[in-house]
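First the structure, in the form of structure tokens, and then the observations on it.
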Amino acid sequence: MAATSLICRECSSTYPLEAQFVCSRCFGPLEVAYAEHDASDVDSIRRRIQAGPRSIWRYADFLPLGAGSPTGSGEFATEAGLPAGGTPLVRADRLAERLGLREVWVKNDAANPTHSFKDRVVAVAAARAKELGFTTLACASTGNLAGAVAAAGAALGMPTYVFIPADLEEQKILSTGVYGANIVTVRGNYDDVNRLCTEIAGEREDWAFVNVNMRPYYAEGSKTLAYEIAEQLGWTVPDRIVAPIASGSLFTKIGKGFKEWIDLGLLEAAGTPSGLPAMSGAQAAGCNPVAAAFEAGQDVCRPVKPDTIAKSLAIGNPADGPYAIELARTTDGTISQVSDDEIREGIRLLAETTGIFTETAGGVTTATLKQLAEAGAIDPDERVVIVITGEGLKTLDVVRGTFECHEIDPRFEQFERVEGRTEVTV
Ligand SMILES: *Cc1c(COP(=O)(O)O)cnc(C)c1O
Ligand SMILES: [Zn+2]
């Protein structure tokens, strides 16, 4: 399925596959369009995927690489860079039981090279940036993107500039700086950082900002989450996906990934009217523009000033917000918001029932699953997949004080006094 053009999501104007992200006619966002696959060829497409590497590059047929590049079919991309994707999908029976559900799976994208799902999107954007001849990789980041860009630049031999809000978690700054990135901390929130980067991208013509001028390519990387989940479930579609929303890119592209494979006949449609899984989005109450618009029955998001411990989701003016709302509505899905306390509880609940320690974004996702289960919004027989997008060690501070340690002298009778006193709090 070769990429053919960039297409405007609003007016369908098309553009060549270059570093452009807004429609010059209507200012709508651009996304990648593909030539149709030959549906009679489904078996050979499936075989080619199965013979591919255990990374996102097994889905190269569905990614926007190789178009007009000297290397031809995107082949270099499978050799260079970090091996993003191929993360575990684990069945979480104790979590399901705790919530009164039958079948819950955890897609653990903390298992990527820099411990968040951002390695997927960066791999695609960076590979396309190389094809287009860019010399420098850059990004506007809420945290995880900075680390992913810094590491990808190191792997590909490209210098990197990352722009982050100055109040970011220290763990995320430290785990970015080690790769030798130029780190610019901006006094402002993510939306300020993003505005600045849009301006810089206009001035520095040989810089590829992965989520600004390269955004259409970047966004395609998230489709691989849907492909992997389907493949790991034996080439089937789950009944529901629960995933976090910051800009809404990840959430909407998971939907696009399932739709492409269903349309092609690689997957059988789900039993829903849309044929897609019910798409349930998750936001923090302290940064809830998409959830608030969804709840109010509106189509567009009113921007907010973020104030939440879920910094990786702290985008107050989400570019893909309206498309996320549309996707949730057309799939009989939901978009919810959870408080900071619920986020902490969500982190603990996932950790104690699965052994998976997630950052705040995963706390938002797990807390949303809990909220939906308790509200009876999930049919107990549904097969649900929650998408855990980042690693708990990057936001360690938020779990401080959520459990106790018992200090003793090195004597047996003191141990006996504290034995069994560690309570499960969630
Ligand atoms: C970036 C990010 C997301 C979602 O980002 P979108 O802008 O909605 O694509 C979710 N979780 C984590 C941990 C992230 O870093
Ligand atoms: Zn347009």
Side-chain angles (χ1 to χ4, degrees), residues 5-15 20-31 33 107-112 114-122 125 139-149 164 168-169 171-172 175-176 190-191 194 210-212 215-216 218-223 225 242-256 279 281-284 287 289-291 301 306 308-321 323-325 327 335 343 347 358-366 368 386-395:
S5 62
L6 297 177
I7 184 166
C8 174
R9 291 206 60 165
E10 292 300 322
C11 75
S12 300
S13 298
T14 60
Y15 298 88
Q20 187 176 347
F21 65 109
V22 280
C23 176
S24 44
R25 298 196 182 87
C26 78
F27 301 104
L30 303 183
E31 71 173 347
K107 180 62 172 166
N108 184 11
D109 245 25
N112 272 299
T114 68
H115 315 292
S116 87
F117 98 93
K118 291 295 198 302
D119 291 315
R120 296 177 186 273
V121 286
V122 169
C139 69
S141 176
T142 56
N144 287 311
L145 187 57
V149 164
I164 52 177
L168 205 62
E169 298 99 340
Q171 287 97 345
K172 286 188 180 160
S175 61
T176 296
Y190 172 82
D191 299 285
N194 189 48
V210 297
N211 59 337
V212 183
R215 190 170 179 84
Y218 162 100
E220 291 296 285
S222 288
K223 294 189 311 188
L225 261 166
V242 185
I245 295 177
S247 71
S249 175
L250 162 75
F251 184 72
T252 51
K253 296 304 170 187
I254 291 175
K256 187 182 182 194
M279 293 294 297
Q283 290 212 296
C287 183
V290 192
C301 305
T308 169
I309 59 169
K311 294 186 180 182
S312 53
L313 303 181
I315 296 185
N317 189 10
D320 291 300
Y323 306 113
I325 292 168
L327 180 64
I335 302 179
I343 296 170
I347 292 172
T358 182
E359 69 146 78
T360 46
V364 171
T365 306
T366 309
T368 293
I386 65 172
V387 180
I388 294 303
T389 46
E391 162 65 47
L393 294 175
K394 294 203 207 188
T395 61

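Atoms within a ligand are numbered from 1 in the order they appear, just like the ligands themselves.
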Item to check | Which residues share a side chain to side chain donor-acceptor pair (under 3.5 Å) with T308, sequence neighbours left out | outcome: D340

Item to check | Partners meeting side chain to side chain donor-acceptor pair (under 3.5 Å) with E31 (sequence neighbours left out) | outcome: K253

Checklist entry - What residues, two or more places apart in sequence or in another chain, satisfy side chain to side chain donor-acceptor pair (under 3.5 Å) together with S247? => result R215

Checklist outcome for this item: So CD1 of I245 and SG of C287: to nearest 0.5 Å the spacing works out to 11.0 Å

Next on the checklist: Can a side-chain donor-acceptor contact be found between D109 and N112 if the only test is distance below 3.5 angstrom?
Outcome noted: yes

Item to check | Metal-centred angle, SG of C8 through the Zn ion (ligand 2) to SG of C11, rounded to 10 degrees | outcome: 110°

Item to check | Amino acids in close contact with ligand 1, where any non-hydrogen atom sits under 4.0 angstrom away | outcome: F117, K118, N144, P244, I245, A246, S247, G248, S249, L250, S312, L313, E359, A361, T389

Next on the checklist: Regarding S312 and E359, do their side chains bring together a donor and an acceptor under 3.5 Å, going by distance alone?
Outcome noted: yes

